[in-house]
Amino acid sequence: MNVVTRFAPSPTGFLHIGGARTALFNWLYARHTGGKYLLRIEDTDRKRSTPEAIEAILDGLSWLGLESDEAPVYQFARRERHAEIVQQLIDSGAAYRCYCSPDELAEMREKAKAEKRSMRYDGTWRDRDPADAPAGIDPVIRFKAPQTGETVIEDAVQGTVTVGNTELDDLIMLRADGTPTYMLSVVVDDHDMGVTHAIRGDDHLTNAFRQTQIFNALGWDAPVYAHIPLIHGPDGAKLSKRHGALGVDAYRDMGYLPEAVLNYLCRLGWSHGDDEIFSMEQATAWFDIIDVNKGATRFDYDKLSSLNAKYIDESSNDRLIALALPGIEAALGKPVSDTVRQRLVNGMDSLKSRADTIPQLVDLSMFYCLDRPLAYTDKAAKMLDDDAKARLADIRGPLAELDTWDQESVESTVKAHAEAYNLKLGMIAQPLRAALTGSNVSPGIFEVAAVLGKNEALGRIEDAVAPR
RNA sequence: GACCCCAUCGUCUAGAGGCCUAGGACACCACUCUUUCACAGUGGAGACACGGGUUCGACUCCCGUUGGGGUCGCCA
């Protein structure tokens, strides 16, 4: 079988993390089987669909590299086809006109709730004579759902799921204004697009029953459904705007690399033995729906960050500098000079092993970019007491005499000096760190001195020694 | 409330009846390395929700309980 999968977001907001993973799983499965991965924008809700949301979704997917194999299908553009199918259903007696007003329906639900019955449409117009139709009211078209027996779906993730048909009411397929609803459009589009596997969030599980019924009424084969577990917030509650339900652009802005996000998302609900860190090529080779878990998962920033740190480590210095530069220049309030850029190039290897995210990398890099005199952190200032300043003043001379200024020469000079004066290395190294970086935390101080260059390093020492 | 789904360390997970004294990863703790902070390495603590079955044998199969989640729109 030629596999065709699809990701079908509704453009009513950004692409959130759950949607991104749904897209990823569909993409992986299509790639794994050598099939096709399609994108369908479900924009039949004209009131809530926006071009901005479409843009955000497309941007998010492209940032993650989840490109579809064909141009996106816009569901609303296919409304005539949908209406045509509905007409077909009416003709065959599988659908009917319902003249209940929204208010009547709301009332019906209220009453059902009060009587503690389930809140389903009661089928008022199901078998009523169309001649009773009230004048001046545009009817909706409802699906005449089977009232006996049960509907069974063989879900590729959840297994066999059965529901009694008495639980399902007659859903609306065409609104009073003649536009198709989601439930109908999905069925028609999945069929027309040749979708063989519908991988989607578990929140669609109950929809699968109704869609299966429509497929049956149409005499079409339903795709294989695979309802993947939902992603919850760190506290186990449903992802809401308050926590976790961010657009993927937010993750980019938080300094996460797309390959880290992808790798992390793979491990949320899917696994390949104990493999934790792997490329999309490996994931493609390994991915199968049977290995997807059933239970909901929680989003864990710590683990994402840890993965991100590893991907940052493996990134080229050029890429990292390009990613960090906007943040650095924003903090600086001006573009970086060529000198500073060169320092970043030279210092990046040890900077990047310390950063979990790009903003952290920016923070870590700032001391290479700042102009003299440096501002000191509290701890650095404390480190620069009078004794420390005296020691710095002492070491300045030998350093100034160096002809070759590199990590080795600075290190041997400082070490020799410490030995000669019978000082522990830290007694000089720590004040030196404070002077050179303005902080008590930095990469190896001799490397820092080398990267800074003789002039800048000596200047920063003088700044620290000078009375403030 | 009705219906549906789920249930292994705090979190993500391995586990397809004996391989399990339940493995890995993140987080946590300790140690090593180190001028600092990281990185890295080593070690540690930490789970099969509960109760019944089935079986010679259950984390694995069945039932129930409890807990969690989802759905119940002229939204998708």
Side-chain angles (χ1 to χ4, degrees), chain A residues 8-12 42-45 47-49 75 98 100-102 105-106 109 112-113 115-121 138-142 155 157-159 161-164 166-169 171-177 179 181-183 185-186 201-209 227 229-230 232 234 236-238 264 267-277 290 293-307 309 313 350-356 364 379 383 411 414-415 418 424-434 437 439-446:
Chain A
S10 67
T12 52
E42 307 216 318
D43 55 353
T44 52
D45 183 349
K47 291 184 192 73
R48 298 197 305 156
S49 298
Q75 195 160 57
C98 165
C100 290
S101 69
L105 260 18
R109 271 191 290 272
K113 195 174 181 180
E115 294 171 12
K116 296 192 173 182
R117 288 181 291 110
S118 59
M119 302 176 276
R120 281 178 267 124
Y121 173 65
D138 290 328
V140 299
I141 308 299
R142 285 185 186 271
D155 193 277
V157 170
Q158 305 294 343
V161 188
T162 306
V163 73
T166 51
E167 300 301 327
L168 273 15
D169 62 1
L171 68 283
I172 292 173
M173 299 171 130
L174 227 48
R175 302 186 181 94
D177 66 3
T179 58
T181 62
Y182 159 81
M183 211 63 82
S185 308
V186 171
D202 206 10
D203 51 341
H204 282 288
L205 186 57
T206 49
N207 291 335
F209 296 122
H227 290 94
L230 262 20
H232 290 156
K238 189 185 177 186
Y264 178 68
R267 293 290 288 106
L268 236 38
W270 173 80
S271 62
H272 180 263
D274 284 336
D275 291 306
E276 296 284 351
I277 298 177
I290 16 175
N293 288 146
K294 296 170 153 194
T297 64
R298 296 190 192 198
F299 193 87
D300 181 9
Y301 278 98
D302 282 338
K303 189 149 186 179
L304 207 211
S305 293
S306 148
L307 234 24
D313 263 347
S350 44
L351 249 21
K352 69 184 178 186
S353 72
R354 279 151 229 268
D356 283 356
L364 258 18
K379 285 184 177 171
M383 231 172 256
E411 179 164 359
V414 172
K415 281 186 170 166
K424 288 178 74 174
L425 190 53
M427 300 289 279
I428 302 179
Q430 283 298 73
L432 199 52
R433 183 188 311 283
T437 71
S439 159
N440 62 315
V441 176
S442 81
I445 196 59
F446 304 121

Rounded [atom1] spacing from [N] to [M] in Å:
| N | M | atom1 | result |
| --- | --- | --- | --- |
| B:C33 | B:C20 | P | 35 Å |
| B:C4 | B:G10 | P | 31 Å |
| B:C72 | B:G53 | P | 41 Å |
| B:A58 | B:C29 | P | 39 Å |
| B:A16 | B:A27 | C1' | 30 Å |
| B:G18 | B:G57 | C1' | 7 Å |
| B:G46 | B:A30 | C1' | 15 Å |
| B:G17 | B:C59 | C1' | 10 Å |

Looking only at the side chain of A:Asp45 (C-beta and beyond, no hydrogens), which of the listed nucleotides B:A76, B:G70, B:C4 gets closest?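 Per side-chain heavy atoms of A:Asp45, the pick is B:A76.
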Distance check needed: B:G24 C1' versus A:Ile277 CD1, whole Å only.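 So the two atoms are 12 Å apart, to the nearest Å.
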State yes or no: are the ring centers of A:His204 and A:Phe209 separated by less than 6.0 Å?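 When the ring centroids of A:His204 and A:Phe209 are compared, they turn out to be at least 6.0 Å apart.
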Ignoring hydrogens and angles, does a donor from either the side chain of A:Arg48 or the base of B:C75 sit under 3.5 Å from an acceptor on the other?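 Pair found.
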Please determine whether any donor N or O and acceptor N or O are separated by less than 3.5 Å between the side chain of A:Arg433 and the base of B:U35.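 Such a pair is found, so the answer is yes.
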Please classify the nucleic acid contact of A:Thr162 as base, sugar-phosphate, or nothing, using heavy-atom distances under 4.0 Å.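 Sugar-phosphate, no base atom in range.
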